[in-house]
**Student:** 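For reference, the structure I am asking about is given below.
None of these values were measured; they are calculated from a predicted model. Residue numbering restarts at 1 for every chain, and letters A, B, ... go by the order of the sequence lines.
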Amino acid sequence: MVPRVISSLFLEAGFLYLKGGVCMSYVDVFSDIIAKQLNGELTKEEIMNVVEKPKFEGQGDLAFPCFTLAKTMKVAPHKIASDLAQKLEHPLFEKVVSEGPYVNGFLDQTEVSKEVMKTVLEQGRNFGSHEFGHDERIVIDFSSPNIAKPFSMGHLRSTVIGNAISNIAEKCGYQTVKVNHLGDWGTQFGKLIVAYKLWGNEATVREEPIKELLSLYVKFHEEVKNNSDLDELAREWFKKLEDGDEEALNLWRWFRGESLKEFSKIYELLNVAFDSYHGEAFYNDKMKDTITELKRKNLVTHSEGAEVVELSEFNMPPCLLTKSDGATLYATRDLTAAFYRYDNYKFAKSLYVVGHEQSLHFNQLFSVLKKGEYPWADRLEHVPFGFILKDGKKMSTRQGKVVLLEEVIEEAISTARNNIEEKNPELNDKDDVARMVGVGAIIFHDLKNDRKSNIEFSIEDMLRFEGSTGPYVQYTYARTQSILRKAKLEKISTETGLSDPYSWAVIKAIDTFPKTILKAFHGNDPSQIAKYLIDLCRDFNKYYANEKILIDDEGLEARLALVKSVSIVIEEGLNLLGIEAPKAM
RNA sequence: GUCCCGGUAGCUCAGUAGGAUAGAGCAACAGCCUUCUAAGCUGUCGGUCGCAGGUUCGAAUCCUGCUCGGGACGCCA
């Protein structure tokens, strides 16, 4: 077995246990004592491979299935399990029993809970952090809205997914470069300039820039149906823009500035910041070099007046670099950006958080770089996500079918505000908390499901604050804070453990946090953390409902240690998703 | 036509290096606040895991075919 597999298994095991300076996992211990009884029938590693979590409550904490053993030993699996279980014992295990073909191990809850809480309280916010990133750089291209178009629900996905992936990467020891690759160049500006010159006027645009520019854009697409000359005109104006025509450039600068002002309001609400706003226009004067470079590598051929890179060996259509009129294309700009980013950041990974409808485009992009044999070509990765659908169909800017993110956020905040007035009118900082909760609801709603699946737009779902939602997690956090305030303890000791079934579920959940972060990182999948938080909160709320915490007895400190541990993990988990945790709500 | 996603409870979705009796939330119904925040907790109802084969001791999970929905497929981004 290769070392990487062993180390990943080791991390997967969870339950890290320190004794005598040797880091042991509970899976490790369990597998070890089984291996010793099997006299070489299976190695410890093979056993670790199949050890799993029992399916049902009351079946213990670790399970070893005996099916494969039954084959080689030619003995019925339940017989093997019961023989084996009788011989297994270890101080960390309260008992080991067989159930059908499984050997189930029960951990000593008092000892393990003490260990877990101690680790969390000592490490605090660093609990769950990893160091394998070694400060290498990951470039993340995300959000990337189009100038002169409204910030739609679709851009929200890229923004919150990219932001969360960035936080998770940092938690794993990487440095991140967050790039907002603004859609501030392209034929759409030709269209917009034409539309503005034909039907627009300055005063209206100044008053409500995004709204007016959008309606001009929509009008262009309506008119072009009856007048195909408009398309040609738009192409000409874009060409002028690329050639540095003053009138075109001035309009472009104006539209871009107004758009950025609007976007920054949204980023402020979402609490997202970028390291670079180099959009497509930034690469305008660098594209000649790209084409020269690709020609130097003999990659460029001519086809129907256009310059392309043939990709038939990758079973893909060719990648177009220039149109027959000489103007560049989307792919040219993305290639240029890839070169620029590698030269400037020497990234270990470069991610593109962009909708899955662009999968072909990115595959072409990566294939061009592979064909050019750039050694870093395989460090680029497309992180696709599904659409936000309206009535089962993709929303289209061209037809004006968009839902504006800012309006949705405002509505979420005011709903949160109403809830506060109703449920907790004495609360301080109502506006601030309402903002955290409203925005948290929207971000969580977007992140809780697999990013690849399409989402049917539903304002009702987004404004739901009960069940598997952001506010549910935030509420659970507020509960922990309320208890800790009332307890008035300066330092919580972890000299005693816990052994009731409700706290045990919480302890086991806390313990899987580091592993959940690994899973989220490797899959570029923030939903792992969202789902984890829901599970943790459910376990904690059950504990809260069934065990009285603030009783002055010998178990008080252990219970408070649990509450404190939970609060640390929830806060950190929410922050990784880009959500704030209110102290009260 | 080719390629890429997806089909699990009425709705929204978890669940894949194959494992025990398929899980949540919402909705519906029934309970729990003189006791740590009821944005919570508990219970009831609810499923031929799209269809058909195959591999296996064992398949929602792996393979093949089919079907349905969405998307992409040279001068848009």
Side-chain angles (χ1 to χ4, degrees), chain A residues 5 49-50 52 54-56 59 63 65 67-68 70-71 77 99-102 104 144 146 183 185-188 191 231 234-235 280 303-308 315-325 327-331 333-334 354-361 363-364 384 386-387 389 392-394 397-398 416 419-420 422-424 426-427 437 441 445 448-450 452-456 458 460-461 464-476 478-487 527 531 534-535 537-538 541-542 544-551 559 563 584-585:
Chain A
V5 176
N49 247 330
V50 295
E52 55 188 65
K55 190 95 179 171
F56 301 98
Q59 291 179 322
F67 302 103
T68 43
K71 228 177 200 176
E99 188 172 333
Y102 289 85
N104 293 335
S144 310
N146 293 323
W185 206 250
T187 319
Q188 86 227 31
K191 293 175 182 174
D231 258 337
R235 265 195 290 276
E280 298 185 46
S303 164
E304 297 165 43
E307 292 182 299
V308 307
N315 206 12
M316 259 178 249
C319 177
L320 269 83
L321 300 176
T322 59
K323 301 197 260 186
S324 39
D325 66 359
T328 57
L329 286 151
Y330 186 49
R333 287 188 280 280
D334 264 343
V354 180
H356 69 37
E357 76 275 22
Q358 293 197 28
S359 291
L360 176 62
H361 162 72
N363 278 329
Q364 288 178 304
F387 306 114
L389 303 175
K393 295 263 190 255
K394 193 186 162 188
T397 315
R398 294 182 182 189
N419 278 341
I420 291 169
E422 186 190 318
K423 295 166 197 288
N424 195 358
E426 308 298 310
L427 184 70
V437 173
H445 175 262
K448 72 178 171 181
N449 292 327
D450 187 308
K452 289 192 292 299
S453 42
N454 294 337
I455 298 181
E456 176 67 30
S458 159
E460 293 77 27
D461 278 357
R464 185 162 287 144
F465 290 2
E466 291 152 22
S468 309
T469 65
Y472 172 83
V473 177
Q474 290 171 317
Y475 179 73
T476 310
R479 276 184 155 175
T480 64
Q481 294 306 295
S482 173
I483 290 173
L484 294 171
R485 273 195 300 275
K486 285 185 176 152
S527 79
K531 285 166 205 155
I534 290 293
D535 287 343
C537 290
R538 247 202 297 273
N541 280 321
K542 281 179 193 171
Y544 181 96
N546 286 283
E547 301 285 336
K548 178 82 181 162
I549 295 158
L550 290 173
I551 307 172
R559 292 192 299 270
V563 175
M585 66 186 268

**Student:** As a test of your reading of the structure, name each stem of RNA chain B as range with range, where a stem is three or more consecutive Watson-Crick or G-U pairs at under 3.5 Å.
**Tutor:** B:1-7 with B:67-73, B:10-13 with B:23-26, B:28-32 with B:40-44, B:50-54 with B:62-66
**Student:** Using a 4.0 Å heavy-atom cut-off to protein, can you give one letter per nucleotide of nucleotides 38-43 of chain B, 5' to 3': B if the base is in contact, S if only the sugar-phosphate is, - if neither?
**Tutor:** SBSSS-
**Student:** From the list B:C73, B:A20, B:C36, which nucleotide is the closest neighbour of the side chain of A:L360?
**Tutor:** B:C73
**Student:** To check you understand the geometry: which heavy-atom pair defines the closest contact between A:S468 and A:R538, and what is its length?
**Tutor:** OG-NH1, 4.2 Å
**Student:** Verify the contact: side-chain N or O of A:K323 to OP1 or OP2 of B:C76, cut-off strictly under 4.0 Å; return yes or no.
**Tutor:** yes
**Student:** Show the nearest heavy-atom pair for residues A:F387 and A:N454, with the distance to one decimal.
**Tutor:** N-OD1, 2.8 Å
**Student:** If you assign each of A:V308 and A:N449 to its closest nucleotide in RNA chain B, which residue comes earlier from the 5' end?
**Tutor:** A:N449
**Student:** Minimum heavy-atom separation for A:T328 and A:R333, please, with both atom names.
**Tutor:** OG1-NH1, 3.2 Å
**Student:** Which is true for A:A327 with a 4.0 Å heavy-atom rule: it touches a base, it touches only sugar-phosphate, or it touches nothing?
**Tutor:** nothing
**Student:** What's the closest nucleotide to the side chain of A:S453 if the choices are B:G6, B:U35, B:A14?
**Tutor:** B:A14
**Student:** Contact class for A:N104 (heavy atom, under 4.0 Å): base, sugar-phosphate, or nothing?
**Tutor:** base
**Student:** Pick the C1' atom in B:U8 and in B:G69, then give their distance to the nearest Å.
**Tutor:** 16 Å
**Student:** When the P atoms of B:G46 and B:G53 are considered, how many whole Å apart are they?
**Tutor:** 28 Å
**Student:** Taking all non-hydrogen atoms of both residues, which atom of A:R464 and which atom of A:T469 are closest, and how far apart?
**Tutor:** O-CG2, 3.2 Å
**Student:** Rounding to an integer number of angstrom, what distance separates B:U16 and B:G23 when you compare their P atoms?
**Tutor:** 14 Å
**Student:** When you measure from the side chain of A:S468, which nucleotide among B:A20, B:A24, B:A77 comes out closest?
**Tutor:** B:A24
**Student:** Would you mind classifying the nucleic acid contact of A:Q481 as base, sugar-phosphate or nothing, using non-hydrogen atoms under 4.0 angstrom?
**Tutor:** nothing
**Student:** Is the glycosidic torsion of B:C13 within 90° of 0, making it syn, or is it anti?
**Tutor:** anti
**Student:** Once you apply a heavy-atom cut-off of 4.0 Å, does A:P54 come out as touching a base, just sugar-phosphate, or nothing?
**Tutor:** base
**Student:** Have a look at A:P65 and say if it touches a base, only the backbone sugar-phosphate, or nothing, with a 4.0 Å heavy-atom cut-off.
**Tutor:** nothing
**Student:** Quick one: does A:Q364's side chain have a donor or acceptor within less than 3.5 Å of a partner on A:P317's backbone?
**Tutor:** yes
**Student:** Can you identify which nucleotide, out of B:C75, B:C36, B:A77, has its nearest atom closest to the A:A306 side chain?
**Tutor:** B:C75
**Student:** Ignoring backbone atoms, test whether A:K448 places a side-chain nitrogen or oxygen under 4.0 Å from the OP1 or OP2 oxygen of B:G25.
**Tutor:** no
**Student:** Is the backbone N or O of A:A327 less than 3.5 Å from a side-chain atom of A:R235, with the two atoms forming a donor-acceptor pair by type?
**Tutor:** no
**Student:** Syn or anti for B:G74, taking syn as within 90° of 0?
**Tutor:** syn
**Student:** Please answer whether the main-chain N or O of A:Y472 pairs with a side-chain N or O of A:E466 as donor and acceptor at a distance below 3.5 Å.
**Tutor:** no
**Student:** At less than 4.0 Å, is any side-chain N or O atom of A:T187 found next to OP1 or OP2 of B:A77? Yes or no.
**Tutor:** yes
**Student:** If you compare all heavy atoms of A:G386 against all heavy atoms of A:H356, which two are closest, and at what distance to 0.1 Å?
**Tutor:** CA-CD2, 3.8 Å
**Student:** Across the strands shown, which category fits A:Q474 at heavy-atom distances under 4.0 angstrom: base, sugar-phosphate, nothing?
**Tutor:** nothing
**Student:** Could I get the full list of side-chain hydrogen bond (donor to acceptor under 3.5 Å, both in side chains) partners for A:Q59, not counting sequence neighbours?
**Tutor:** A:E99
